[in-house]
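A short worksheet on the structure shown next.
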Amino acid sequence: MPGTHPLRVALLGCGVVGTEVARGILANPIDLAARVGAPVELAGIAVRSLDAERDPAIPRELLTTDAETLVDGADVVVEVMGGIEPARTLILRALERGAAVVTANKALLAAGGPELFEAADAAGVDLLYEAAVAGAIPIVRPIRESLAGDHVRRILGIVNGTTNFVLDKMATEGVELDQAVKEAQQLGYAEADPTADVDGYDAAAKAAILASLAFHTRVALADVAREGIRAVTADDVEWAKRTGHVIKLLAVAEVLGPVDDGEISVRVHPALVPADHPLASVRGAFNAVFVEADGAGPLMFYGQGAGGRPTASAVLGDVVSAARRRLTGGKGLRESKDQRFPVLPPEAAVTRFQVRLAIADRPGVLAQVATVLADHGVSIDTVRQTSSHTHSGEGETGAATLVITTHAAREASLAATVDAVARLEPVRQIISVLRVEGA
Ligand SMILES: NC(=O)c1ccc[n+]([C@@H]2O[C@H](COP(=O)([O-])OP(=O)(O)OC[C@H]3O[C@@H](n4cnc5c(N)ncnc54)[C@H](O)[C@@H]3O)[C@@H](O)[C@H]2O)c1
Ligand SMILES: N[C@@H](CCO)C(=O)O
Ligand code: NA
């Protein structure tokens, strides 16, 4: 392409993802130029320290600690340094100067997306973020573009690889959570401080992004009800198996009521998923997003949600897309106008539940428990009782485990029901309350 002005890419951050993005841009310039329609030049890489040890494929002369100057000369800015600041300020600076921005930073998008999207709209440039949700899996673009003419009803996502690895390990090896987390750390999945993964913050940020896209509504991190996997025990995992389920940490985003005038519920929590649901087969650190849309029906997107090369694949796809649009003089893709669906408070969410409780094993106890549920308007789907002692004649002979699965109920009704059941004299313990999704 003689005479074509090269597109200058500024890379902010050279960690796990940044290194692979740089390698991807440098590896085969002729191929990349053919895809874009013009040469793509890696103008520089902003780093914290020039002396840190790096992959030998990264040319040292590209490194700079002056991110501002690098941003100012770029056509496309790739932000893969993470965190809120200085990422936010640098992205705003890039957008204001008319550069397209590609980011993998879900924490920043969930915390301050509207400000960034408004800046991109005002400048008429792209702000692309395929890598921010479920890494390599194309899910942002399919929801934003391919499903733009359909109505998405519900999204169920396994969007955190670390917790899926941990829950899978617990299911296959019967180990407790702490041991599975240690193994995830040894394998490099979980951070030294695994809080963002284990307590569901990472998944909640992704849930906010997915819900915003799917429902054309701004959903902030604060709107997402969040419960991590810390309370899940090996016993819960074993009982899940016995009742034909697996436990997954799910990001759930759904519309309740009419699709053009409904309310949305966005939440992250461990859930029992029927063993025959496609999400149940997502093993190890893989991710998957199950989407239900009015016209399309069910769709499943599956793949690697983390790791340098997989995440860089999504980043590079966005770089090529932004670069192509720039070359043709096209304006950046706009976000949909805000439809302002109200976001329901957590207690208004509607799900099915499985309650496991220890009861005195004597006549009439099941009826007592069932009456409490009926009094609260919570309908029972199935009941399973397992005695730990055998009956001999009349009266109490031991303890039993009761597993009750309900039909869909409001979270608030269920909480009140469980409180009332716990107060019944023959109820020894509420062992666990888990939501059931995908049934
Ligand atoms: N690693 C993954 O699997 C993955 C997957 C999806 C999305 N992401 C997102 O991609 C981003 C990067 O993740 P990562 O795993 O590569 O992290 P990382 O910690 O390996 O890399 C970040 C790099 O940015 C550098 N950095 C931080 N602040 C800087 C500053 N002010 N100036 C210059 N450099 C700075 C750090 O020194 C580090 O080298 C994050 O937003 C993360 O959430 C990562
Ligand atoms: N910590 C995240 C990385 C990708 O966002 C995970 O385990 O999925
Ligand atoms: Na993705």
Side-chain angles (χ1 to χ4, degrees), residues 10-22 44-55 58 63-68 70-71 78-91 102-111 128-144 157-167 181 184-185 187-206 209-210 213 229 249 251 282 284-289 301-318:
L11 184 59
L12 310 180
C14 196
V16 173
V17 179
T19 299
E20 295 299 334
V21 172
I45 308 174
V47 294
R48 267 206 188 117
S49 156
L50 297 175
D51 305 321
E53 204 175 308
R54 301 192 188 276
D55 186 298
I58 306 295
L63 304 181
T64 174
T65 53
D66 182 0
E68 280 88 0
L70 182 61
V71 162
V78 178
E79 185 277 305
V80 280
M81 55 193 198
I84 304 299
E85 286 294 354
R88 172 184 159 275
T89 304
L90 289 167
I91 289 177
V102 175
T103 179
N105 195 334
K106 58 246 163 180
L108 175 59
L109 289 170
L128 303 179
Y129 50 97
E130 182 59 77
V133 183
I137 303 176
I139 184 65
V140 170
R141 193 169 283 121
I143 294 179
R144 194 184 190 187
I158 295 173
V159 291
N160 182 267
T162 303
T163 46
N164 202 58
F165 173 87
V166 165
L167 292 169
V181 169
Q185 284 168 324
L187 287 166
Y189 293 128
E191 305 282 323
D193 173 8
T195 303
D197 295 318
V198 173
D199 292 324
Y201 291 98
D202 175 74
K206 294 164 179 169
I209 297 170
L210 286 175
L213 275 170
I229 63 167
L249 181 71
V282 179
F286 273 77
N287 283 195
V289 184
F301 301 83
Y302 170 86
Q304 297 191 71
R309 279 199 76 189
T311 307
S313 160
V315 169
L316 289 164
D318 280 348

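Position 1 is the first residue of the sequence; numbering continues from there. Both ligands and their constituent atoms are indexed starting at 1 by order of listing.
- Listed by chain and residue number, Arg141 satisfy the side-chain hydrogen bond (donor to acceptor under 3.5 Å, both in side chains) test with Asp318 (two or more places apart in sequence, or in another chain).
- Which parts of ligand 1 touch Val80 is read off a 4.0 Å heavy-atom cut-off, strictly below it: atoms 12 (C), 22 (C).
- Using a 4.0 angstrom heavy-atom cutoff, Gly135 does not count as in contact with ligand 1.
- Distances between N or O atoms of Val17 and those of ligand 1 include at least one value under 3.5 Å.
- With rounding to the nearest 0.5 Å, the separation of OG1 in Thr64 from CG in Leu50 is 7.0 Å.
- Once rounded to the nearest 0.5 Å, the distance linking CZ of Arg309 with OG1 of Thr311 reads 12.0 Å.
- Distance alone, capped at 3.5 Å, places no donor-acceptor pair between the Asn164 side chain and the Ile158 backbone.
- Summarising the geometry, atom OG1 belonging to Thr65 is positioned 13.0 Å from atom CD1 belonging to Ile45; distances are rounded to the nearest 0.5 Å.
- Of all heavy-atom pairs spanning Tyr302 and Ala288, the tightest one is CD1-CB, 4.1 Å.
- If you check the side chains of Asp193 and Thr195, you find a donor sitting under 3.5 Å from an acceptor.
- Screening Leu210, Ile143, Leu109 against Val133 for a side-chain contact (heavy atoms from CB on, under 4.5 Å) leaves a single residue, Leu210.
- Summarising the contacts of atom 31 (N) of ligand 1 with Gly82, Pro86, Pro310, Ala52, the nearest heavy atom is found in Pro86.
- Close approach of ligand 1 to Ala306 is summarised as follows: ligand atoms under 4.0 Å from at least one heavy atom of the residue are 3 (O).
- By the side-chain hydrogen bond (donor to acceptor under 3.5 Å, both in side chains) test, Thr103 pairs with Glu79, sequence neighbours left out.
- Considering only non-hydrogen protein atoms, atom 32 (N) of ligand 1 sits nearest to Met81 SD, 3.8 Å.
- Across every non-hydrogen atom of Ala251 and Val159, the tightest pair is CB-CG2, 3.8 Å.
- Here the Na ion (ligand 3) has protein N, O or S atoms under 3.0 Å from it, and they come to 5.
- Closer than 4.0 Å to atom 37 (O) of ligand 1 lies at least one heavy atom of the protein.
- At a heavy-atom distance under 4.0 Å, only backbone atoms of Ala131 (N, CA, C or O) approach ligand 1.
- Of all the heavy atoms of Val47, the ones lying under 4.0 Å from any atom of ligand 1 belong exclusively to the backbone.
- The protein non-hydrogen atom at the shortest distance from atom 10 (O) of ligand 1 is Ala104 CB, 3.4 Å.
- Residues Val315 and Ala131 come closest through the heavy atom pair CG2-CB, 3.6 Å.
- Heavy-atom contacts of Gly13 reach the following atoms of ligand 1: 24 (O) (cutoff under 4.0 Å).
- Checking atom 19 (O) of ligand 1 against the protein gives no heavy-atom contact under 4.0 Å.
- Nearest to atom 3 (O) of ligand 1 among the protein's heavy atoms is Gly307 N, 2.7 Å.
- Summarising the contacts of atom 27 (C) of ligand 1 with Lys106, Arg48, Arg309, the nearest heavy atom is found in Arg48.
- Polar contact with ligand 1: absent for Gly18 (N/O pair, distance under 3.5 Å).
- Residues Ala314 and Ala136 share a closest heavy-atom pair of CB-CA, 4.3 Å.
- Across all non-hydrogen atoms, the minimal contact from Met81 to Gly13 is CB-CA, 4.0 Å.
- Looking at ligand 1, you won't find any N or O of Gly305 less than 3.5 Å from one of its N or O atoms.
- Just one residue in the list Leu11, Ile58, Asp51 forms a side-chain contact (heavy atoms from CB on, under 4.5 Å) with Leu63, and that residue is Ile58.
- Taking a heavy-atom cut-off of under 4.0 Å, ligand 2 is surrounded by Lys106, Asn160, Gly161, Thr162, Asp197, Asp202, Lys206, Gly305, Ala306.
- Rounded to the nearest 0.5 angstrom, Thr163 OG1 and Asp202 CG are separated by 8.0 Å.
- Using a 4.0 Å cut-off to heavy atoms of Ala46, the atoms of ligand 1 that qualify are 33 (C), 34 (N).
- Within ligand 1, the atoms closer than 4.0 Å to a non-hydrogen atom of Gly15 are 16 (O), 20 (O), 21 (O), 23 (C), 39 (O), numbered from 1 in the order shown.
- At a heavy-atom cutoff of 4.0 Å, ligand 1 is contacted by the side chain of Thr311 but not by its backbone.
- Side-chain contact between Lys106 and Ile209 is present, with heavy atoms from C-beta onward closer than 4.5 Å.
- Put simply, the side chain of Glu85 does not reach to within 4.5 Å of the side chain of Leu90, judged on heavy atoms.
- What sits closest to atom 17 (O) of ligand 1 on the protein, heavy atoms only, is Val16 N, 4.6 Å.
- Using the six-membered ring where Trp is involved, Tyr189 and Phe165 have ring planes that are tilted, between 30° and 60° apart.
- Counting all heavy atoms, side chain and backbone alike, Asn287 lies closest to Gly161 at ND2-N, 3.4 Å.
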